[in-house]
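Notes follow the structure.
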Amino acid sequence: MRAIKVLASAVAGALVSGLVLGALSRLFMRLMTLAADGEPRFSWTGTFFIAVIYVAAVAPAALTAAITTRWWRWIAAALGTAFLMAPAIGISSEEIGYVQGLSTIAWIGVGAATAAVFATVFAAPAAAIWLVDRVRIPMPVRLSPA
């Protein structure tokens with residue numbers, strides 16, 4: 001029963017943080033395209049897959065945080081951040097497209113939106129750990145001698 005509660009807290013932390021920050025990231029991507037070419041591009045399929053990628057990236061950090069409060073749970077968070085960086089770079093560059101000839105205001109908008117997207121990348125695993133810490137039921141990890 002205790003293991004189910006631990007798993008439930010990890011799943012809840014991963015789902016909430018991944019979905020919220022994934023949707024927020026997609027909103028910033030939309031603002032990025034609006035600043036770049038004055039016309040936001042948006043698809044529900046793209047939004048869904050971005051949210052799924054965020055949930056998948058924060059799941060190991062959430063599970064590790066549900067099991068332990070030791071420092072090494074942040075390794076899982078760092079791996080989740082690294083996992084999110086590649087799609088964030090690719091999607092951001094694709095969303096911006098051809099930006100030569102943008103005005104200064106447009107460049108500021110694109111830069112701010114891009115920075116916000118990458119802020120969600122760094123915040124997502126930390127948010128998952130924070131959420132799990134709020135609802136976590138500690139599960140002792142015991143190593144028995146061989």
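- Under the side-chain hydrogen bond (donor to acceptor under 3.5 Å, both in side chains) criterion, Thr47 pairs with Arg26, not counting sequence neighbours.
- Between Ala35 and Ala106, the shortest heavy-atom contact is O-CB, 3.4 Å.
- Residues Ala57 and Pro60 approach most closely at O-CD, 3.6 Å, considering heavy atoms.
- Here the shortest heavy-atom pairing between Pro125 and Gly80 reads CG-C, 4.2 Å.
- For the residue pair Val58 and Ala14, the shortest heavy atom distance occurs at CG2-O, 3.5 Å.
- For the atom pair Thr81 OG1 and Phe118 CZ, the distance stands at 12.0 Å (nearest 0.5 Å).
- Listed by chain and residue number, Thr64, Thr68, Arg70, Ile75 satisfy the side-chain contact (heavy atoms from CB on, under 4.5 Å) test with Trp72 (two or more places apart in sequence, or in another chain).
- Here Ile53 contributes atom CD1 and Phe48 contributes atom CZ; the two are 10.5 Å apart, rounded to the nearest 0.5 Å.
- Note on Leu27: it clusters hydrophobically with Ile50, by side-chain heavy-atom contacts below 4.5 Å among ILVMFWY residues.
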Evaluate Leu7 against Leu63 for side chain to side chain contact (heavy atoms under 4.5 Å, CB included), listing each step before the verdict. CA-CA 7 Å; Leu7 184 60; Leu63 183 58; 4.2 Å; yes
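- Atom-to-atom distance recorded for Met29:CE and Thr33:OG1 is 10.5 Å, nearest 0.5 angstrom.
- The structure places CZ of Phe49 at 7.0 Å from OG1 of Thr45, a figure rounded to the nearest 0.5 Å.
- Leu84 and Val52 fall into different hydrophobic clusters, where Ile, Leu, Val, Met, Phe, Trp and Tyr residues are linked whenever their side-chain heavy atoms come under 4.5 Å apart, directly or through other members.
- The minimum heavy-atom distance between Ala65 and Ile129, with the atom names listed, is CB-CG1, 3.9 Å.
- When hydrophobic clusters are built by joining Ile, Leu, Val, Met, Phe, Trp and Tyr residues whose side-chain heavy atoms come closer than 4.5 Å, directly or via intermediates, Tyr54 is grouped together with Ile89.
- Hydrophobic clustering (side-chain heavy atoms under 4.5 Å, transitive across Ile, Leu, Val, Met, Phe, Trp, Tyr) groups Leu21 together with Phe83.
- Both Phe122 and Met32 are assigned to one and the same hydrophobic cluster, defined by single-linkage of ILVMFWY side chains at heavy-atom distances under 4.5 Å.
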Give the intermediate values and the outcome of side chain to side chain contact (heavy atoms under 4.5 Å, CB included) for residues Val132 and Arg73. CA-CA 12 Å; Val132 169; Arg73 66 188 180 156; over 6 Å; no
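- The side-chain contact (heavy atoms from CB on, under 4.5 Å) search around Phe28 returns Leu24, Leu31, Ala116, Val117, Thr120, not counting sequence neighbours.
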